[in-house]
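Inspection log for the structure reproduced underneath, given as structure tokens.
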Amino acid sequence: MIIVMLGAPGAGKGTQAAAISEKYGLPHISTGDIFRSNIKNGTELGKKAKSYMDQGKLVPDELTVQLLLDRVAKEDCKEGYILDGFPRTIPQAEVLTQALAKDGQKVDFALNVDVPDENIVRRMSGRRSCPKCGASYHIEFIPPKKEGICDVCGTALIQREDDKPETVKNRLSVYHEQTQPLIAYYEKAGVLHTVDGTKDKDDVFADIASILG
Ligand code: AMP
């Protein structure tokens, strides 16, 4: 079972992908996470990707596509996988379709987590995280007990560079221009399912689970 998560940045794709991964035992592959771990480890790829990510731009295909194809060729992907953050453009989707077709495979489900832009801006610009232990918060929805301080380890919370308001705006316009056309692409392929991402995360997951069966 090959699943592609679609939706704007901050729509909750990652949260849902993690829940699907747990229920169905499929690996959750997030290109954003792969880039972030490369940044953390100071790799060449991380250095190159960071400048694009900090501006809310897409990392170029030459750094992204092969990375993804290598990842899905691994043993743990034999029974399927969930892609979160890839494809992000029509050319990336075409590369994926062609690579899968070589092995007689295809994307089985494209799950579009639909959330209006206004909600996205509110969700993303309120996100805070702990630079030490990684715990995440939201100033409005999941506030820490003491403002600006991590409940778990007492460290001062930070805002991810790409969650800053200017970058959020860029990420949304990149989404509308380059990623949203994938909805029509997968609809044409007959595998698109849209869920209402404004619902509570457990309700969104229940909708997804009934689609996946
Ligand atoms: P995400 O965690 O999926 O929101 O990704 C964070 C950032 O990583 C994006 O804003 C892009 O800069 C970069 N990124 C992640 N996936 C891709 C992709 N498939 N193509 C290009 N850039 C990507």
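Atoms within a ligand are numbered from 1 in the order they appear, just like the ligands themselves. All residue numbers refer to positions in the sequence shown, counting from 1.
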Any protein N/O atoms within less than 3.5 Å of an N/O atom in ligand 1? List the atom names and distances, or say none.
unit_1   : atom_1 : unit_2 : atom_2 : d
ligand 1 : 2 (O)  : Arg36  : NH1    : 3.0
ligand 1 : 2 (O)  : Arg36  : NH2    : 2.8
ligand 1 : 3 (O)  : Arg88  : NH1    : 3.2
ligand 1 : 3 (O)  : Arg88  : NH2    : 3.1
ligand 1 : 4 (O)  : Arg88  : NH2    : 3.2
ligand 1 : 4 (O)  : Arg171 : NH2    : 2.7
ligand 1 : 5 (O)  : Arg88  : NH2    : 3.2
ligand 1 : 12 (O) : Lys57  : O      : 2.6
ligand 1 : 16 (N) : Thr31  : OG1    : 2.7
ligand 1 : 16 (N) : Gly85  : O      : 3.3
ligand 1 : 16 (N) : Arg88  : NH1    : 3.3
ligand 1 : 19 (N) : Gly85  : O      : 2.8
ligand 1 : 19 (N) : Gln92  : OE1    : 3.1
ligand 1 : 20 (N) : Gln92  : NE2    : 3.0
ligand 1 : 22 (N) : Val59  : N      : 3.0

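Every residue meeting the side chain to side chain contact (heavy atoms under 4.5 Å, CB included) condition with Val204, not counting sequence neighbours, appears here in chain and number order: Gln16, Val195, Lys199, Ile208.
Between the side chain of Lys13 and the backbone N or O of Gly7, at least one donor-acceptor pair lies under 3.5 Å. No side-chain donor-acceptor contact under 3.5 Å links Glu79 to the backbone of Leu26.
For the pair Asp163 and Arg171, the salt-bridge criterion is met [side-chain N within less than 4.0 Å of a carboxylate O].
With hydrogens and angles left out, the side-chain atoms of Asp117 and His176 include a donor and acceptor closer than 3.5 Å. No hydrogens or angles considered: nothing links the side chains of Asn170 and Glu166 as a donor-acceptor pair under 3.5 Å.
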